[in-house]
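These numbers were taken from a predicted model, which means no experiment stands behind them. In the text below, chain A, chain B and the rest are named by the order of the sequence lines, each starting its count at 1.
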There are 2 protein chains.
Amino acid sequence: MFTIGQLSEQTGVKVPTIRYYEETGLLPAPDRTAGNQRRYDAAGLERLSFIRHARDLGFSIDAISGLIALQGHPDQSCKAANDIACAQLADARAKIKKLKALEKELNRIAKGCDGQGVSENCYVLASLSDHALCEDDH
Amino acid sequence: MFTIGQLSEQTGVKVPTIRYYEETGLLPAPDRTAGNQRRYDAAGLERLSFIRHARDLGFSIDAISGLIALQGHPDQSCKAANDIACAQLADARAKIKKLKALEKELNRIAKGCDGQGVSENCYVLASLSDHALCEDDH
DNA sequence: TCTTGAACCTCTAGTCACTAGAGCCATTAC
DNA sequence: GTAATGGCTCTAGTGACTAGAGGTTCAAGA
């Protein structure tokens, strides 16, 4: 049995966050001691590790709830779980695409970020004032 | 003079968001009609366009406040504005890096996202349960 | 001039995924 | 027994908006 602090240490999820997950129903409420403190077992640890991992991969709490619900239904879970993961992948790709466009734009606007000298004329404020100076749409 | 709706249409910023920007001090409070409705001039339009553009590039409200404060001080503004933009660039690059790692991981976990058939064994839930199956740290 | 309907106003509360703090209680080691 | 550490609940705050209620103003047509 683990205390909430031990669970936190093992999973890397902060203590208030664990309580928050319980409050939202993502993590089942564990047993309590006579003194009302939470005590977790291996199943709790596994569940939290799952959540942690999925959050790291950018899944929303909602999506994780969906995945957890699927774990009890091995018959239909594969396709549904895959759909959720695919949606997540598409989301990540869209974000990368957008960020790359922004990186390009910022790289053009900001000078001297890589240790070179700063240019004489101040381009940053002018660029931000006038969208027409941009190379890409965004 | 523009109504808040016209300003919204011209800049692409939603009406409640414009009011929110005013509330937080990012956008100066404009004149009002006798009936208490906001009326904006060209300066207001320009300021909001600046904000919109900077938000599009991922600048935080705080950073934008900083940039706006600099616009009145052409002497020292260039270096400071550049610093803010460089920080933003570094931030964008860090996000891209992280997202690419996630993309790789998701691509490995999720199968058949690109229209191919779904694999027989359900890998998604297993992968999310067991971090040890991951190729990269994250 | 009157009426209608769209657009405007303020205010409160909700979103997401936590995070911070106050004030109190339980456990554990010495 | 006592002190340190860690746990408990509850409320409120974060950022950048978004939604909704309930009321007012404006501009155009009859």
Side-chain donor-acceptor pairs under 3.5 Å in residues 6-13 of chain B, sequence neighbours left out?
from	atom 1	to	atom 2	distance (Å)
B:Q6	OE1	B:T3	N	2.8
B:S8	OG	B:V13	O	2.7
B:T11	OG1	B:L7	O	2.8
B:T11	OG1	B:V13	N	3.2

Inset, instruction - Kindly state each residue pair satisfying salt bridge (Lys or Arg N to Asp or Glu O under 4.0 Å) with at least one member in residues 41-50 of chain B, sequence neighbours excluded. - result: none

Inset, instruction - Check the distance between D:dT18's P and B:R55's CZ and give it to me in whole angstrom. - result: 10 Å

Legend entry - Atom pair CZ (A:R19) and OG1 (A:T17), whose distance is rounded to the nearest 0.5 Å: 9.5 Å

Inset, instruction - Could you name each residue pair satisfying side-chain hydrogen bond (donor to acceptor under 3.5 Å, both in side chains) that touches residues 22-31 of chain B, not counting sequence neighbours? - result: B:E22-B:R38

Legend entry - Spacing of B:I51 atom CD1 relative to D:dC17 atom C1', expressed in whole Å: 14 Å

Legend entry - Set of side-chain hydrogen bond (donor to acceptor under 3.5 Å, both in side chains) partners for B:K14, sequence neighbours left out: none

Inset, instruction - Would you mind classifying the nucleic acid contact of A:F59 as base, sugar-phosphate or nothing, using non-hydrogen atoms under 4.0 angstrom? - result: nothing

Legend entry - Positions of residues 2-19 of chain A (non-hydrogen atom under 4.0 Å from DNA chain C), listed by number: A:K14, A:T17

Legend entry - Residues that A:K98 engages under side-chain contact (heavy atoms from CB on, under 4.5 Å), provided they are two or more places apart: none

Inset, instruction - Report the distance from atom CZ of B:R52 to atom CD1 of B:I18, rounding to the nearest 0.5 Å. - result: 10.5 Å

Legend entry - Student check: side-chain heavy atoms of B:R32 and B:R39 closer than 4.5 Å: no

Inset, instruction - In whole angstrom, give the distance that lies between atom CD of B:E23 and atom P of D:dA16. - result: 14 Å

Inset, instruction - Report which part of the nucleic acid B:S60 touches: base, sugar-phosphate, or nothing (heavy-atom distance under 4.0 Å, all strands). - result: sugar-phosphate

Inset, instruction - Nearest 0.5 Å please: distance from the CG atom of A:D56 over to the NE2 atom of A:H53. - result: 6.5 Å

Inset, instruction - Using heavy atoms and a sub-4.0 Å distance, could you list which residues of residues 25-41 of chain B are near DNA chain C? By number, please. - result: B:R32, B:N36, B:Q37, B:R38

Legend entry - side-chain hydrogen bond (donor to acceptor under 3.5 Å, both in side chains) involving A:D83 - partner list, sequence neighbours excluded: A:K79

Inset, instruction - Grab the OH-P distance between A:Y20 and D:dC10 for me, whole Å please. - result: 17 Å

Legend entry - Test item: A:Q88 side-chain N/O and A:G58 main-chain N/O as donor-acceptor pair under 3.5 Å: yes

Inset, instruction - Tell me, please, which residues at least two apart from B:K95 pass side-chain contact (heavy atoms from CB on, under 4.5 Å). - result: A:L99, B:D91

Inset, instruction - Anything under 4.0 Å to a heavy atom of chain A counts; send over the first and last such nucleotide of DNA chain C, read 5' to 3'. - result: C:dA17 to C:dT27

Inset, instruction - Whenever both distances are under 3.5 Å in a Watson-Crick or G-U wobble pair, mark it; put DNA chain D into dot-bracket that way, with [ ] for crossing pairs and | when the partner is on another strand. - result: ||||||||||||||||||||||||||||||

Using a 3.5 Å cut-off and no angle test, enumerate the donor-acceptor pairs between side-chain atoms of residues 59-69 of chain A and protein atoms at least two apart in sequence or in another chain.
from	atom 1	to	atom 2	distance (Å)
A:S60	OG	A:D62	N	3.4
A:S60	OG	A:A63	N	3.0
A:S65	OG	A:I61	O	3.2

